[in-house]
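Comments concern the structure below.
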Amino acid sequence: MESKHKDTTMKKLLWLSVIICIGIGSYYALYSLSKQNEDQKQQVVLGKTQLEVEKCVKEIEAVCEKANSVEQINKLIQHKILWIDMIGKPAAPVLIKKFKNKKKNILFRIVMAELLSITMNPAVVPEVARVSGDMAEPMEIRIAAVVVLGKISDSVAVPVLEKILDKEPIELQMPAAYALGEIRNEEAIDILNEKLLKGCDPLLEKEIKIALAKKGTINKDKGPWWPGKEKIDNQ
């Protein structure tokens, strides 16, 4: 009798285990399906956003073809700058593609760099770093790339900027000092101080001192960089 009771109890436990396993399996299946649907929805939204960014960029390119300077372009596209700023990181894949396109107008590429910097998307840092080191690129584009590295302020860019500060022409070293001053981590500050101690061109020395004197980063600066810009902006 006792043995029969034990068998009945074991069968009940076995069936309970089966039901629990089925329940857990069903839960994870539903969760996985829900997650998959959510990911698909996000991809659709991202795709639509990037199509809108592409359209916006085409309109900006048309403005760039008729303008004479970055400053003039910035005035004409203020509403588009604000829109890209609102979109943020999702806009970066379109902008980096346009910035890297060597067939495009230089002014247009510089504007793409400025817009790229306000997305604050660290995912593009490796690609921007490659542009900064490409000796086949015009100096204006390499400078624009260095400034983007500073404004995005990802510490991954510090070794790239250190190399520029050591080996590149003065016109590229100066925005590199600016960029290190924007990143402002311990490594970046040490690199700037070491450059001062070793001695450098007076113009670069001035730019390094400006970078070191900053109280904080100004990543959202929309305008183009130029030597000494920080000193003027902080007045």
Side-chain angles (χ1 to χ4, degrees), residues 39-161 163-164 168 172 175-176 178-179 182-183 219-225:
D39 289 344
Q40 287 175 348
K41 287 178 182 178
Q42 288 179 356
Q43 287 300 317
V44 169
V45 171
L46 182 61
K48 288 181 179 179
T49 299
Q50 292 188 350
L51 284 174
E52 289 296 319
V53 174
E54 285 273 8
K55 181 181 176 182
C56 177
V57 164
K58 283 183 180 179
E59 293 171 358
I60 291 172
E61 187 170 12
V63 173
C64 292
E65 288 172 357
K66 298 176 182 178
N68 298 316
S69 68
V70 174
E71 290 81 1
Q72 183 184 4
I73 295 166
N74 282 339
K75 289 177 182 178
L76 294 171
I77 65 167
Q78 273 300 312
H79 61 296
K80 297 186 186 301
I81 292 173
L82 292 172
W83 185 75
I84 293 291
D85 195 10
M86 182 184 70
I87 296 297
K89 292 180 181 179
V94 174
L95 300 173
I96 187 64
K97 182 180 176 182
K98 301 298 181 183
F99 175 58
K100 288 167 57 182
N101 191 339
K102 295 182 179 182
K103 294 180 181 179
K104 297 294 184 180
N105 176 285
I106 287 181
L107 279 180
F108 171 69
R109 292 180 69 191
I110 291 172
V111 171
M112 289 299 100
E114 291 188 15
L115 293 177
L116 190 60
S117 71
I118 67 173
T119 69
M120 297 296 291
N121 191 335
V124 301
V125 166
E127 292 181 85
V128 175
R130 280 192 286 274
V131 174
S132 74
D134 187 350
M135 296 184 70
E137 288 280 15
M139 185 57 72
E140 298 97 323
I141 297 300
R142 295 182 70 192
I143 289 171
V146 171
V147 174
V148 172
L149 294 178
K151 289 185 177 181
I152 292 179
S153 293
D154 191 294
S155 59
V156 172
V158 171
V160 175
L161 296 168
K163 185 177 178 181
I164 289 171
E168 293 289 354
L172 206 58
Y178 162 87
E182 288 285 276
I183 294 172
N219 292 313
K220 290 297 182 180
D221 172 25
K222 306 293 193 301
W225 174 90

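None of these values were measured; they are calculated from a predicted model.
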With rounding to the nearest 0.5 Å, note down the distance linking [atom1] in [X] to [atom2] in [Y].
X      : Y      : atom1 : atom2 : answer
Lys103 : Phe108 : NZ    : CZ    : 14.5 Å
Lys66  : Leu107 : NZ    : CG    : 15.0 Å
Lys97  : Leu116 : NZ    : CG    : 14.5 Å
Leu95  : Ser117 : CG    : OG    : 9.5 Å
Glu168 : Ile143 : CD    : CD1   : 11.0 Å
Asn74  : Ile81  : CG    : CD1   : 4.5 Å

Is there side-chain contact between [X] and [Y], with heavy atoms separated by less than 4.5 Å?
X      : Y      : value
Asn105 : Glu61  : no
Ile110 : Ile73  : no
Arg130 : Pro126 : yes
Thr119 : Ile87  : no

Indicate the atoms forming the closest heavy-atom contact of [X] with [Y], along with that distance.
X      : Y      : answer
Arg109 : Glu137 : NH2-OE2, 2.8 Å
Arg142 : Asp134 : CD-O, 3.3 Å
Cys56  : Trp83  : CB-CZ3, 3.8 Å
Pro90  : Pro93  : O-CD, 3.3 Å
Val131 : Ile141 : CG1-CG2, 3.8 Å
Met112 : Ile60  : CE-CG2, 4.0 Å

Whether over 12 other heavy atoms sit under 6.0 Å from Met135 CE: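 No - once you tally the heavy atoms of other residues, nucleotides and ligands closer than 6.0 Å, there are 12 at most.
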- prompt: If you draw a 6.0 Å radius around NZ in Lys102, do more than 12 non-hydrogen atoms from other residues or ligands fall strictly inside?
  reply: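 Buried by this count: over 12 neighbours within 6.0 Å.
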query: Who are the side-chain contact (heavy atoms from CB on, under 4.5 Å) partners of Ala157, not counting sequence neighbours?
result: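 Listed in chain order: Val125, Leu149, Leu161, Ile183.
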- prompt: Given the rule in the side-chain contact (heavy atoms from CB on, under 4.5 Å) test, do Lys151 and Ile118 qualify, once you have shown the distances and angles that lead to the verdict?
  reply: CA-CA 8 Å; Lys151 289 185 177 181; Ile118 67 173; over 6 Å; no
field: Of Glu54, Glu127, Glu114, the residue whose pairing with Lys98 passes salt bridge (charged side-chain N to carboxylate O under 4.0 Å, His left out)
entry: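 The residue from Glu54, Glu127, Glu114 that satisfies salt bridge (charged side-chain N to carboxylate O under 4.0 Å, His left out) with Lys98 turns out to be Glu54.
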